[in-house]
Structures are given as C-alpha cells and as structure tokens.
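What follows is a short report on a single structure.
This one's a predicted model, so the numbers in the text were calculated from it and none came from an experiment. Nothing fancy with the numbering, it's 1 onward along the sequence. Just follow the structure's listing: the first ligand is 1, and inside any ligand the first atom is 1.
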Amino acid sequence: MTGPGPIPSPISRRRVLSGMGGGLAAFSAFTVLPPLARARGNIRDYRLKAAPATVPLVGTQGPATDVWAYNGGVPGPVIRAKRGERLRIHVENALPQPTTVHWHGIRLPVAMDGVPFLTQPPIKPGESFVYEFDVEDAGTFWYHPHFNSSEQVARGLSGPLIVDEDTPPDVDREILWVVDDWRLTEDAAIASFDRPFHDMVHGGRFGNTVTVNGRISEDLAVTPGERVRLRIVNVANARIFRLTFPGHRPWLAAIDGHAVPPRQFGEEDWLVIAPGARADLILDMTGEPGERFAVVDNSPEGIRYRLADLTYGAAPSAPAPARPAPVTWAANPLPEPDLGTATRLSLDMEGGAMGGLQTAMFMGEKLSGRDLARNHGMFWSFNGIVYPPMKYGHHGDPMFSFKRGESVVMTIRNKTAFAHPIHLHGHTFRVISRDGKPEPDRPWQDTVLLPIDGEAEIAFVADNPGDWMFHCHILEHQKSGMMGYVKVV
Ligand code: C2O
Ligand code: CU
C-alpha cells in the first residue's frame, strides 16, 4: 500500500480444498491434504515475513526510516477473506528477536491466538509458524506481534485484516486508513527504546509523527457525489485519535468491525479511536469540484495533526443520484449474554503517575508502589494485582475463570489519571453502560476505552475455551502491569 487510496486486492491465491467439483480437488483429497485443511469454506493462503526494512514514512523528500515490517511494507499487507472462509497464514521470523502474531478482534481457537508462552512458544529468529483459523465474523480487524509488542509494534509491525460481509453495504468504493503515530528523531529514525519508564508511568509511547497507511499526510483524490466506506484502524502504541471531518457529515456504521445503526456526525463531532480500535464510516463526498478539506486529529494544540486532505476532482458527467441514509448491515453471529443470570464482576484499574500505587500484589507478595517501580518496572494494577510479564512455564493465575457458556457482566473502573483502552482476546463483548448510563445500541467491541475516572460495563458469553489475554492496549501499560488473562474451561 502506498498512501491513502483504494484497498489493493488480496494477494492470496484462492484454493479450493473442500473437495467439490474439479478433478484436481478430488485428486488432492486422496493425496497430501494438510491435517488442518478440513475447512468449511475456501482457504486463503498468505505469507508474512517479519524483517527489517526501510520505508519513506516522512515522504520521498525526507530521509527514509529503518523499520521492522511484514513483507517489507508499513503497514503490512491486507489480509482479506469472506466471512466463513478459512485463513492460513505462514509467518516467518527474520527479526533479530522472537515474535508471534495476534489476530486482533478475531474469535478463533486459542492455539491460533498468538500470545507467547500462554498460547504458543515464541517464534524464534529464523523459525516459522502457520496460523490457521476460520473467520466467523465480518468486519475490520488487524494483526500485530504479541511478543515485546511495545517495541515491535512501534517499529512498524502491524497490518489490516478484513473479512467481507455476505452482502457488503452499498458504496462506490472502499478506503482503508491504517493510522499510526511514530516517535522519530530529526533524521526520521525511530527513537530509542532505552528509557521506557516515563512512557510506562504516563500515557505510553506517544509519538511526534502521524501516518496514514505508512506515510505522512497526503492528498486523497475524491469525486463529488461518491459514497465511500472508510475503514480506520488505529495501530499506534499510545495515541488516541480524535478525528474530525470538516465540511462532511459521515456516519459511524461499525465499531471494532461490528455493525451499529449508522449514527451521523454533527458539525462538531469527532471520532474517538483508541489504540487497537477500529471504525467503519460511511462518508458522502458532498464537496464541490476543486474543493479541499483536511481531516484533522483534534488533539490539543502542539499534538494536533492533519491526516489527509480530501481533494475534490471534476464532477462526474452523470451526477450521482441522491442516496438515502445508510442502513445497518447484517450482524455477526455473536452469542448474546444473558444479563439476568450473568456472573457480575468488577475490575478496578489503579496506578501510574499522578495517583500511583500504594501497594499491590506481585507474584504472591504485597509490595509498595515504590518497590514495584524501582525494582520491577511495574506501575499499574488490576484489582490490586500487578501482573508480571509472561515467561516460559510461568504466567501466573488467571484474573478470572469462567465456565464455558457463562454470561459475564464486568464493571471496569478507571481510577487513574490516564485513559486506557482495554482489550479482551477471543471474545467480543457488548458495552452496555458508561458511567452508569445505558450505552446507546450496546455496541459489540473487543476494545473499550475507559476515560480518566470513567466506568464501563461490558457483557459477553465466555464461550471460547482457553486462556485469553485481557490488557490495556497502550502497549507500555500492558508491559508494566496492565495485562492478565481470563480462563474459560
Ligand atoms: Cu491487539 Cu492483546 O492485542
Ligand atoms: Cu493503559
């Protein structure tokens, strides 16, 4: 991908292995069908090679940046399938350190979840791992390493994963924006990772350069009257984007890949999209030929960025007919939690600067906040527990254990001076309330942003057996205590 633009077609070869039709498929069914190939749908094969690369993040006029990338590009290639198909992704590690790949937002068998130590051994340099899973849900998802992720993601490892609906919404075209935030030196090199404590104890590794699809702001040519589906993925370590679309009134039509009744932006509205989260907008290009509009991250002065300019070309010869407002597209087959019988739990988040931990449990011992910071580099707790980074043979006890099929309502409270996007693996939850008020449309999400002092209730069915990470997606917080797992048995 280069700059904002249409999504390139998938690079996969479509392979028919389900044994129907042609002689070749029938023949191969009796030869060496791989053991995991008993898919319901077609298998789409991809290869990802994680390796050092050099890319023009700040444009071809500026110095190039040494990154770590999938298949040489930032972001990595679009991995794409239709709902019900099977993905098989061969991952090769050519990095100088171990890695794994996690498929963020995808409900899959735990062995394919890509969490080092918990669900698989890390993929060592020079080694490979094959991930294979069915995609049950349509939507906008993404992939990234889960090993040393605060460094590996910051160096450029991430990419989009798109699962097409059976009946996609009626638009003229689709645009994908992978938005990112980089901390670069003056020479456009990735700033060092030497002193992580400041980032850990504050809002994470905030950057100084915002990119869309791996480039600083560029023009996006649009046609007056066209209707676009804009998929946005925030792959930044720490930046919460607040996107405004001056001159336009987009509809928010999906959150974290899952359809919501389209809600139209008012003139002053912006889209809050936290690290890990995705949004699908339906955007009518209502400008006039020759007009130009900036899409801006409405962060405070000094850290505000222009992401792209919508630049209007000539009007089409046949003007586009006026269109009705977009309608909600089909829901994914998610299990509906039973709020009447649900197990109720709470999760309190504490720690960080301007507040800080008094004491917390760490590997079975009660330690002072000072001890945790100085001797262990740990700054955050969930329910009074600081979760240690995982290692071989040691990933501690689960935060919670659930019986398969159990409905759960969890109240998450942010008692810190920073916002935290909290992400659960292997499951999708409804956000049912915020700060005690029912949340409109109870959207399905896999990542929920807890503002400072905020509270949210999420509900889900613990239906996927295994050990599932539950963590803050500000990757420096994840590394310094805000990361545990839940067990479903
Ligand atoms: Cu996007 Cu645990 O990850
Ligand atoms: Cu956090």
CG of Asp134 to CD1 of Ile106, rounded to nearest 0.5 Å, is 11.0 Å
Regarding His471, does it place an N, O or S atom less than 2.8 Å from atom 2 (Cu) of ligand 1? yes
Of all N, O or S atoms in His420, identify the one at the shortest distance from the Cu ion (ligand 2). ND1
At atom 1 (Cu) of ligand 1, what's the angle from His144 NE2 to His473 NE2, rounded to 10 degrees? 110°
Indicate the ring-plane relationship of His473 and His144, choosing parallel, tilted or perpendicular according to the 30° and 60° boundaries. perpendicular
Is His425 close enough to atom 2 (Cu) of ligand 1 that one of its N, O or S atoms comes in under 2.8 Å? yes
Ring-ring centroid check Phe133 Tyr131, cutoff 6.0 Å: no
Taking just the N, O or S atoms of His104, which one is nearest to atom 1 (Cu) of ligand 1? ND1
Atom 2 (Cu) of ligand 1 to His146: any N/O/S contact under 2.8 Å? yes
Exceeds 12 heavy-atom contacts within 6.0 angstrom, atom CZ of Arg374: no
Plane angle bin for His146 and His425 - parallel if under 30°, tilted between 30 and 60°, otherwise perpendicular: perpendicular
Residues pairing under side chain to side chain donor-acceptor pair (under 3.5 Å) where one sits in residues 359-372, two or more places apart or in two chains, turn out to be Asp371-Asn375
How wide is the angle at the Cu ion (ligand 2) between SG in Cys472 and ND1 in His477, to the nearest 10°? 130°
